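The structure presented is a predicted model; accordingly, all values stated were derived computationally and were not measured. Here is the naming used below: chain letters follow the sequence lines, and residue numbers restart at 1 for every chain.
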Protein chains: 2
Amino acid sequence: MSSSKKKTRLPLYVQVSELLHREIAAGQWVPGERLPTESQLAQDLDVAVGTLRKALTVLEEDGLLERRQGSGTYVRKPPEGGAVYQFFRLELLNGGGMPRAVTQSVALLKSTDVAKQFGKAGNPDKQYWRIRRLRYLNQTPVAAEEIWFDGRHAEQLSVEDMHESLYVHYREEFDFWMTHVTDEVSCQEAPEWACQLLNTPVPTTLGWISRQAWANNGRIEEYSQTWFDPLQSRYVARLS
Amino acid sequence: MSSSKKKTRLPLYVQVSELLHREIAAGQWVPGERLPTESQLAQDLDVAVGTLRKALTVLEEDGLLERRQGSGTYVRKPPEGGAVYQFFRLELLNGGGMPRAVTQSVALLKSTDVAKQFGKAGNPDKQYWRIRRLRYLNQTPVAAEEIWFDGRHAEQLSVEDMHESLYVHYREEFDFWMTHVTDEVSCQEAPEWACQLLNTPVPTTLGWISRQAWANNGRIEEYSQTWFDPLQSRYVARLS
DNA sequence: AGGAATTTGTGCGTATGTATC
DNA sequence: AGATACATACGCACAAATTCC
């Protein structure tokens, strides 16, 4: 009844998964690298193979690892091909469409607004990179996107040296990558720059996505907002 | 290379989970009922306990079962309390809010539009129930909702005998329940009836959700669209 | 091409821990 | 306090996929 603090320690497989998570975040193994075999890891950590496998399952569900039967267990890296767009949720009205992004501007700015979005009682003196991009599905411009991340991640940043997938850029240049996001979807009057990019009248009410993205280091590393043209695309979510 | 049809049968635990899925859908155990113990089930089906547990894990992840340590494994039913709103994705702008629904109208109609949404090369003579409701979060009206489902599920249907949670109504009267949904989110000019309910000018562009809902029998049993006021609420999705 | 070695996936059985009744 | 039921943990054997020679 009186339910005092549970002193019971966490299950062993949880302890193991958290240990491995820390080691991966610390760079013990880098993205793409293969981990030791299950039996080897189990032996090193002095746990049963079944216990280790359950720990790996947790990390796999968290998107941190990828297991291939007959091959090994690998630290996951954002794939090179089409699956770069893991978290891209816009689709053409008749479904699908290949995403592309064209960067419009890159700037290092102070913004208390964004600082608040990052939590951490936003320091108004902090600087953030602001990227503005035009999004395409196939050949159709469908959305204007504004992305913010911590100014300390890069000294210099220009349109030329940005990978088309920002998430790939993060991994290759900043040594972290995104594991999950929270989206809030609504509609808003779009700012002038977005209307111009999308070639709509000013002002126009467009679909609007506000996103926070969590990286494998556990922090929120990106905040973005996207205005999309409802005549061209929709936001799609599958829930269970 | 030439990759012919893989004749390898499915893993045993998948077979078991599909067997149990069929039996539950067939009413062998009804929502809320407790299944036999793991060791009993394993014995009945002549598989190891570990294998059975893996099968139950699949069904649990599919939202069909609920396991309680020390108590048993239960067929999940839409809970009575706040979690009735399992698939409700609207939140107040500052987060959260308790959902309520007030039914405005109930009608049995033909609709080729809706028939198409249900797939199945919609028969234009089929009839569908159309429910229109006003949605609240706390005391604030936030959305107008239009729901369609197969006309054969009920002979009669009136505002009075509808449960506030339609999904509970489905379970208690129609003997199925929803396991997952697909939402498409965008914005649209709202129809007149929706604007009147939400007390906005006519016409107004509002947030718009188009949903298909799958039941535990594997079929799409509901199609709905919702217009929400972006000044009051937002659609929220968490993705990984 | 093909077989051996390696590595993860599946399945079984048992013992013990923990929550519930 | 005791019985019951799910959760965790261990260990082993074999299957399936991949890799290496």
- Divergence of helical axes at both termini of the helix from C:dG2-D:dC21 to C:dC21-D:dG2 - five pairs an end, 10° steps: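 Roughly 10° between the end axes, to the nearest 10°.
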Under the salt bridge (Lys or Arg N to Asp or Glu O under 4.0 Å) rule, collect the residues that match up with [X], sequence neighbours excluded.
X        : result
A:Glu145 : A:Arg133, A:Arg135
A:Asp150 : A:Lys126, A:Arg152
B:Arg100 : none

- Task: Enumerate the residue pairs fulfilling salt bridge (charged side-chain N to carboxylate O under 4.0 Å, His left out) with a member in residues 45-54 of chain A, sequence neighbours excluded, ordered by first and then second residue.
- Result: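 For residues 45-54 of chain A: A:Glu38-A:Arg53.
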- Query: Out of curiosity, A:Asp183 CG to B:Tyr235 OH, how far, rounded to the nearest 0.5 Å?
  - Reply: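 These two atoms lie 9.5 Å from each other.
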- Message: Once you apply a heavy-atom cut-off of 4.0 Å, does B:Gly72 come out as touching a base, just sugar-phosphate, or nothing?
- Response: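 Sugar-phosphate, backbone atoms only, no base.
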- Message: Mind checking if A:Ser39 touches a base, just sugar-phosphate, or nothing, with heavy atoms under 4.0 Å?
- Response: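 Answer is nothing: A:Ser39 stays at 4.0 Å or more from every strand.
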- Item | Nucleic acid contacts of residues 51-71 of chain A, taken as heavy-atom distances under 4.0 Å to DNA chain D |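 Those residues are A:Thr51, A:Lys54, A:Gln69, A:Gly70, A:Ser71.
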Can you give each donor-acceptor pair under 3.5 Å made by side-chain atoms of residues 59-66 of chain A, sequence neighbours left out, with the distance rounded to 0.1 Å?
unit_1	atom_1	unit_2	atom_2	d
A:Glu60	OE1	A:Arg67	NH1	3.4
A:Glu66	OE2	A:Arg68	NE	3.4

Between [atom2] of [N] and [atom1] of [X], the distance in whole Å:
X       : N      : atom1 : atom2 : answer
A:Leu45 : D:dA9  : CG    : C1'   : 15 Å
B:Glu38 : D:dT8  : CD    : P     : 11 Å
A:Tyr74 : D:dT18 : OH    : P     : 11 Å

- Query: Got a sec, which residues hit side-chain contact (heavy atoms from CB on, under 4.5 Å) with A:Gln69, two or more places apart in sequence or on another chain?
  - Reply: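 Scan of A:Gln69 (side-chain contact (heavy atoms from CB on, under 4.5 Å), adjacent residues dropped) gives none.
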- Message: List the residues meeting side-chain contact (heavy atoms from CB on, under 4.5 Å) with A:Gln43, not counting sequence neighbours, and say none if there are none.
- Response: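 Result, side-chain contact (heavy atoms from CB on, under 4.5 Å) vs A:Gln43: none returned.
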- Query: If each of B:Pro36 and A:Tyr13 is mapped to the nucleotide of DNA chain D with the nearest heavy atom, which maps nearer the 5' terminus, i.e. the 5' end?
  - Reply: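 By nearest-heavy-atom nucleotide position, the 5'-most residue is B:Pro36.
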